[in-house]
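Take a look at the structure set out below.
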Amino acid sequence: MKHLLATSISIALLSLGLAGCSEKQAAKEVTQDAFVTIQGQDLIKPDGTKLFIMGTNLGNWLNPEGYMFRFSKTNSGRFINEMFCQLVGPDFTADFWKAFKDNYITREDIRFIKSRGANTIRLPFHYKLFTDEDYMGLTTAQDGFARVDSLVDWCRESDLYLILDMHDAPGGQTGDNIDDSYGYPWLFDSEASQQLYCDIWRRIADRYKNEPVILGYELFNEPIAPYFENMEELNSKLEDVYKKGVAAIRQVDNNHIILLGGSQWNGNFKPFKDSKFDDKIMYTCHRYGGEPTQAAIQTIINFRDSVNLPMYMGEIGHNTDEWQAAFCQTMRENNIGYTFWPYKKMDGSSFVGITPPENWANIVYFSEAPRATYKEIREARPAQAMARKAMTDFIEACKLKNCVVQEGYIRSLGMK
């Protein structure tokens, strides 16, 4: 772990240097013709050519999800952190998260993504990265801006566009593990959470208002899971909460496109009644499974045509290479760009796969074991030395140089 700490410190210093570069870039006034714009259902690059989004998601990096570590019950960022603290203690866990953020995604990963034919990256992030709440090893002075600043620089260097996606919003916008919530989309019922969501987006937009590498801001991910009896009531609030976020951004930034996802896994666009409240709006859908045909997404296409604005498939994947190739063809034929989910995780179904380190199965066992009482925690906890070594080894395993490139997966996306 001493090695991990040294690596964390050195890369953190580098990140601060890169952050300074980004601030200098952002300080420059940039005219609107430097940004991606909207022309009907198309995205237009500054040189006047069409941008058809093709790329991937940096899932798990700044919003950990259990299944990417092979965890099942321990499936949200908060649950994972709690489990690690029970397993190896809070201090070691904090060191692990810092090393994880330093190594899971680096400049080399971004260069690799570009080399395979991508033009866009979507960055899922947790709102807590822009607060002083306890998150991923920090309890104050969160490093969200430093992380994004570095990524912006890497994307600029590799000529990639970047979409910022608030995957976990204050209060929770989904009500399931994917938004790290408490099991209900409290964002739609809480004025305080809505105010914090607006404040964070205003701060983000103010920092990056002059940054053309950023394609747009996705206000939040997959709102309102379909599990709630009052789902339609929650759906009726969606557009208004989006409008609040847009208004906050427009106080400081009129340059960037804003992305709005449908309710129920970004699949239901019926709640949207007003597509003209802002002149830089595009919509984003998600799809996992089903038939890879136009008929399967015809309602999404119909909505896109009715508003005459761009539609983008922000998440798709976890299927066979044959299915993915067929569906990519369907999306290309219907002018729906895509970023597949995710770029990196354990095993396959991603651009690159992480090989589980020795004894990782013991970490998985602890994550799945009953831990409702202190007695259960004590009885399930494996040897400290072994657990700590497995977590340290994971940091090495997640580096791009040690990952397995999923060639068939990448080719199925129409990339190389």
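Keep in mind that what you see is a predicted model, and the values were worked out from it rather than measured.
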Query raised in the report: Short question: side chain of Q86, backbone of Y374 - any donor-acceptor pair under 3.5 Å?
Result: no
Query raised in the report: Could D134 and K128 be called an ion pair, given the rule that one side-chain N must be under 4.0 Å from one carboxylate O?
Result: no
Query raised in the report: Can E157 and K114 be counted as an ion pair, charged N to O under 4.0 angstrom?
Result: no
Query raised in the report: Does the ring centre of F340 sit less than 6.0 Å away from the ring centre of Y338?
Result: yes
Query raised in the report: Are side-chain N/O atoms of D47 and T49 paired as donor and acceptor at under 3.5 Å?
Result: yes
Query raised in the report: When you check the gap from the basic side-chain N to the acidic O, do D347 and R70 get nearer than 4.0 Å?
Result: yes
Query raised in the report: Do the two ring centres, one from F366 and one from W360, sit under 6.0 Å apart?
Result: no
Query raised in the report: Can you tell me if CD on E358 sees more than 12 non-hydrogen neighbours from other groups inside 6.0 Å?
Result: no
Query - Min side-chain heavy-atom separation T339-M313 under 4.5 Å - result: no
Query raised in the report: Is the ring centre of W186 less than 6.0 Å from the ring centre of Y182?
Result: no
Query - H256-Y217 side chain donor-acceptor pair, cut-off 3.5 Å - result: yes
Report task. Could you tell me whether Y288 atom OH has more than 12 heavy atoms of other residues or ligands within 6.0 Å of it? Result -> yes
Requested in this report: Indicate yes or no for a side-chain donor-acceptor contact from S181 to the backbone of G183 under 3.5 Å, with no hydrogens or angles considered.
Outcome: yes
Query raised in the report: Will you find, in the side chains of Q264 and N235, an N or O donor that is under 3.5 Å from an N or O acceptor?
Result: yes
Query raised in the report: Side chains of N221 and R122: donor-acceptor distance under 3.5 Å anywhere?
Result: yes
Requested in this report: Examine distances only and state if a side-chain atom of Q194 and a backbone atom of K244 form a donor-acceptor pair shorter than 3.5 Å.
Outcome: no
Requested in this report: Without swapping roles, check the side chain of T174 against the backbone of D176 for a donor-acceptor pair under 3.5 Å.
Outcome: no
Query - Main-chain N/O of F84 paired to T93 side chain as donor or acceptor, under 3.5 Å - result: yes
Requested in this report: Verify, without hydrogens or angle tests, whether Q329 (side chain) and A325 (backbone) share a donor-acceptor contact under 3.5 angstrom.
Outcome: no
Report task. Could you tell me whether D102 and R147 make a salt bridge, using a distance below 4.0 angstrom between a side-chain N and a carboxylate O? Result -> yes
Requested in this report: Decide whether Y312 and N335 meet the rule of one side-chain donor and one side-chain acceptor closer than 3.5 Å.
Outcome: no
Query raised in the report: Passes side-chain contact (heavy atoms from CB on, under 4.5 Å), V364 versus S367? Steps please.
Result: CA-CA 5 Å; V364 174; S367 77; 4.3 Å; yes
Report summary line: Result for ring pair (Phe, Tyr, Trp, His ring centres under 6.0 Å) between F130 and one of F145, Y135, W201, Y197 points to F145
Query raised in the report: So, N308 versus Q41: side-chain donor-acceptor pair below 3.5 Å or not?
Result: yes
Query raised in the report: Do the charged groups of R202 and D199 touch, with an N to O distance under 4.0 Å?
Result: yes
Query raised in the report: Can D143 and K101 be counted as an ion pair, charged N to O under 4.0 angstrom?
Result: yes
Query raised in the report: Would a distance-only check, ignoring hydrogens and angles, find a side-chain to backbone donor-acceptor pair under 3.5 Å from D253 to N255?
Result: yes
Query - Side chain proximity check, L43 to K50, heavy atoms < 4.5 angstrom - result: no
Query raised in the report: Quick check: are there more than 12 heavy atoms from other residues, nucleotides or ligands sitting under 6.0 Å from CD of E333?
Result: yes
Query raised in the report: Is it the case that K344 places NZ or CZ above or below the six-membered ring of Y104, under 6.0 angstrom from the centre and within 45 degrees of the axis?
Result: yes
Query raised in the report: Any side-chain donor paired with an acceptor under 3.5 Å for N302 and D305?
Result: no
Report task. Flag this pair as yes if the NZ/CZ of R116 is under 6.0 angstrom from the six-membered ring centre of F351 and inside a 45 degree cone about the axis; otherwise no. Result -> no
Report task. Step by step, work out the salt bridge (Lys or Arg N to Asp or Glu O under 4.0 Å) result for R156 and E211. Result -> CA-CA 10 Å; R156 184 187 303 112; E211 182 48 76; 2.5 Å; yes
**Report entry** R78 with E82: basic N within carboxylate O range, under 4.0 Å
**Finding:** no
Query raised in the report: Judged by modelled atom types alone, do Y161 and N119 share a side-chain donor-acceptor pair under 3.5 Å?
Result: no
Query raised in the report: Hey, does the side chain of E368 reach the backbone of S72 with a donor-acceptor pair shorter than 3.5 angstrom?
Result: yes
Query raised in the report: What pair of heavy atoms forms the shortest contact from T284 to E218, and how long is it?
Result: CG2-OE2, 3.8 Å
Query raised in the report: Any chance the rings of H126 and W97 have centres within less than 6.0 Å?
Result: no
Query raised in the report: Between Y242 and F220, does the ring centroid distance fall short of 6.0 Å?
Result: yes
**Report entry** Salt-bridge criterion met for D240 and K237 (N-O under 4.0 Å)
**Finding:** no
Query raised in the report: Is a donor on one side and an acceptor on the other found under 3.5 Å between the side chain of R304 and the backbone of N334?
Result: yes
Requested in this report: Give the intermediate values and the outcome of side-chain hydrogen bond (donor to acceptor under 3.5 Å, both in side chains) for residues N230 and Y184.
Outcome: CA-CA 11 Å; N230 63 335; Y184 182 85; 2.8 Å; yes
Query raised in the report: Are T293 and E291 close enough that a side-chain donor and a side-chain acceptor fall under 3.5 Å?
Result: no
**Report entry** Whether N57 side chain and P342 backbone form a donor-acceptor pair below 3.5 Å
**Finding:** no
